[in-house]
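Have a look at the structure below before the remarks.
Throughout, residue positions are numbered sequentially from 1 according to the sequence presented.
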Amino acid sequence: FDDLGKVFHQRGHDVHALTDVSAAIWPGETLGLVGESGSGKTTLARTLLGIVAPSEGAVTLEGRALAPRYQKRSRHDLRALQIVFQNPDSALNRRHSVRRILLRSMKKLAGVAGQAAEARLHDLTGRVRLSERTLTQKPVQLSGGLKQRVAIARAFAGEPRLVVCDEPTSALDVSVQAAILNLLVELQAEQRVSYLFISHDLGVVRYISDRIAVLYLGRLQELGPAD
């Protein structure tokens, strides 16, 4: 992303949420993103995903400029950029079984249905360690850790190139946090996917990140190796 800027107009005032933010995320790399509340981390994530259109600058994927809004992006671009939210409860449809949630994502993102989708479902659930029993359950029946595994599986349903991880472990117990982080590391090693990992927990960010970017008042203050 190059020279990203975002201005929100609120009550007659301009609020500069992002100003000239530029960075590259390489294949197989994890870029940690830290900063205090209100620094622009979530706005940056939403801009990359096309949920919010930038006021200036551009987002590029493998050398191609992406449309500012996700509604204008191709299926290929949508499947390439996915997100794992902090709270899976708000991201998963409570009325649907885990099987239906994942099969729907495969059809929408990868255009896969029928036996091919069932085969991919079996492979995907094995990689994120979800049991056959879990597939028949609805999110409300699952623990926080299992819900987050479902959310991760859904993000990987279309074989993404970049996954935005927005505080994916902050709502989990410490022991479950470690398991989810290790799962993300394993998936990255298998698929060479890139992560933008947003967190307030500096220990977690240091553990999983290759480089770390620091945002303050919408500006990129520092970018360098995790160490």
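Put simply, the side chain of Lys107 does not reach to within 4.5 Å of the side chain of Val112, judged on heavy atoms. Contact annotation: the side chain of Val98 never approaches that of Thr136 to less than 4.5 Å [non-hydrogen atoms, C-beta and beyond]. Between Val52 and Lys6, some side-chain heavy-atom pair lies under the 4.5 Å cut-off. Between Phe197 and Val163 the shortest side-chain heavy-atom distance does not fall below 4.5 Å. Between Arg46 and Ile83 the shortest side-chain heavy-atom distance does not fall below 4.5 Å. The shortest distance between side-chain heavy atoms of Thr125 and Thr134 does not fall below 4.5 Å. A 4.5 Å side-chain heavy-atom check between Pro68 and Pro54 finds at least one atom pair inside the cut-off. A heavy-atom distance below 4.5 Å is not found between the side chains of Thr42 and Ile198.
Under the rule for a side chain to side chain contact (heavy atoms under 4.5 Å, CB included), the partners of Arg133 that lie at least two apart in sequence or sit in another chain are Ser131, Gln137. With sequence neighbours excluded, no residue forms a salt bridge (charged side-chain N to carboxylate O under 4.0 Å, His left out) with Arg104. The salt bridge (charged side-chain N to carboxylate O under 4.0 Å, His left out) search around Asp3 returns none, not counting sequence neighbours. Here Glu56 pairs with Asp20 under the side chain to side chain contact (heavy atoms under 4.5 Å, CB included) rule; sequence neighbours left out. Listed by chain and number, the residues in a side chain to side chain donor-acceptor pair (under 3.5 Å) with Asp77 are Arg64, Ser74 (sequence neighbours excluded). In this view, His9 and Asp14 satisfy the side chain to side chain donor-acceptor pair (under 3.5 Å) rule, not counting sequence neighbours. Listed by chain and residue number, nothing satisfies the salt bridge (charged side-chain N to carboxylate O under 4.0 Å, His left out) test with Arg73 (two or more places apart in sequence, or in another chain). Residues satisfying the side chain to side chain contact (heavy atoms under 4.5 Å, CB included) criterion with Asp210, sequence neighbours excluded, are Glu29, Thr30. Residues satisfying the side chain to side chain donor-acceptor pair (under 3.5 Å) criterion with Ser170, sequence neighbours excluded, are Gln86. Legend: residues meeting side chain to side chain contact (heavy atoms under 4.5 Å, CB included) with Ala213, ordered by chain and number and at least two apart, are Leu31, Leu33, Leu220, Leu223.
Here the straight-line distance linking atom CD1 of Ile212 with atom CZ of Arg206 works out to 8.0 Å at 0.5 Å rounding. Between the CG atom in Leu102 and the NE2 atom in His96 there is a gap of 12.5 Å [rounded to 0.5 Å]. We find the CZ-NE2 distance between Arg161 and His76 to be 9.0 Å, quoted to the nearest 0.5 Å. Note that the CG atom of Leu135 and the CG atom of Leu103 stand 8.5 Å from one another [nearest 0.5 Å]. Note that the NE2 atom of His16 and the OG atom of Ser55 stand 9.0 Å from one another [nearest 0.5 Å]. Atom OH of Tyr195 is separated from atom CD1 of Ile208 by 6.5 Å, given to the nearest 0.5 angstrom.
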Checklist entry - Does the side-chain contact (heavy atoms from CB on, under 4.5 Å) test come out yes or no for Arg211 and Trp26, once each step is laid out? => result CA-CA 10 Å; Arg211 293 183 299 148; Trp26 306 111; 3.8 Å; yes
Item to check | Step-by-step side-chain hydrogen bond (donor to acceptor under 3.5 Å, both in side chains) determination, Asn182 to Tyr207 | outcome: CA-CA 10 Å; Asn182 289 334; Tyr207 169 75; 2.7 Å; yes
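A donor-acceptor contact shorter than 3.5 Å is absent between the side chain of Gln221 and the backbone of Leu217. Arg75 places a side-chain N or O within donor-acceptor distance of the main-chain N or O of Lys108, the cut-off being under 3.5 Å. In this structure a side-chain-to-backbone donor-acceptor pair under 3.5 Å is missing from Thr47 to Ala53. Checked by atom type and distance alone, the side chain of Asp201 pairs as donor or acceptor with a backbone atom of Val204 at under 3.5 Å.
A chain of hydrophobic side-chain contacts below 4.5 Å, direct or via other Ile, Leu, Val, Met, Phe, Trp or Tyr residues, connects Ile51 to Leu215. If you chain together hydrophobic residues whose side chains sit under 4.5 Å apart, Tyr216 and Leu18 never meet in one group. Put simply, Tyr70 and Val59 are part of two different groups of oily side chains (I, L, V, M, F, W, Y) that touch within less than 4.5 Å, one to the next. Leu66 and Leu4 end up in the same hydrophobic cluster when Ile, Leu, Val, Met, Phe, Trp and Tyr side chains are linked at under 4.5 Å. One hydrophobic cluster, built from ILVMFWY side chains closer than 4.5 Å, cannot hold both Val193 and Val164; they sit in different ones.
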Show me the side-chain donor-acceptor pairs of residues 141-159 shorter than 3.5 Å, one per line, residues at least two apart or across chains.
from   : atom 1 : to     : atom 2 : distance (Å)
Gln141 : OE1    : Lys138 : N      : 2.8
Ser143 : OG     : Leu146 : N      : 3.3
Lys147 : NZ     : Asp89  : OD1    : 2.7
Lys147 : NZ     : Asp89  : OD2    : 3.4
Gln148 : NE2    : Phe85  : O      : 3.1
Gln148 : NE2    : Pro168 : O      : 2.7
Arg149 : NH1    : Val128 : O      : 3.0
Arg154 : NH1    : Ala91  : O      : 2.8
Arg154 : NH2    : Ala91  : O      : 3.0

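Taking each heavy atom of Gln82 and Pro160 in turn, the nearest pair found is CG-CB, 4.1 Å.
The neighbour count for Arg120 CZ, taken as heavy atoms of other residues, nucleotides or ligands under 6.0 Å away, is above 12. In this structure, Glu190 places its CD atom where more than 12 heavy-atom neighbours from other residues, nucleotides or ligands lie under 6.0 Å away. Annotation for His200: atom NE2 counts as buried by contact number, over 12 foreign heavy atoms lying within 6.0 Å.
Between Asp166 and Lys41, no side-chain nitrogen of the basic residue sits less than 4.0 Å from a carboxylate oxygen of the acidic one, so the salt-bridge criterion is not met.
Among residue pairs with one or both ends in residues 93-103, those qualifying as salt bridge (charged side-chain N to carboxylate O under 4.0 Å, His left out) are Arg99-Glu118, Arg99-Glu132; sequence neighbours excluded.
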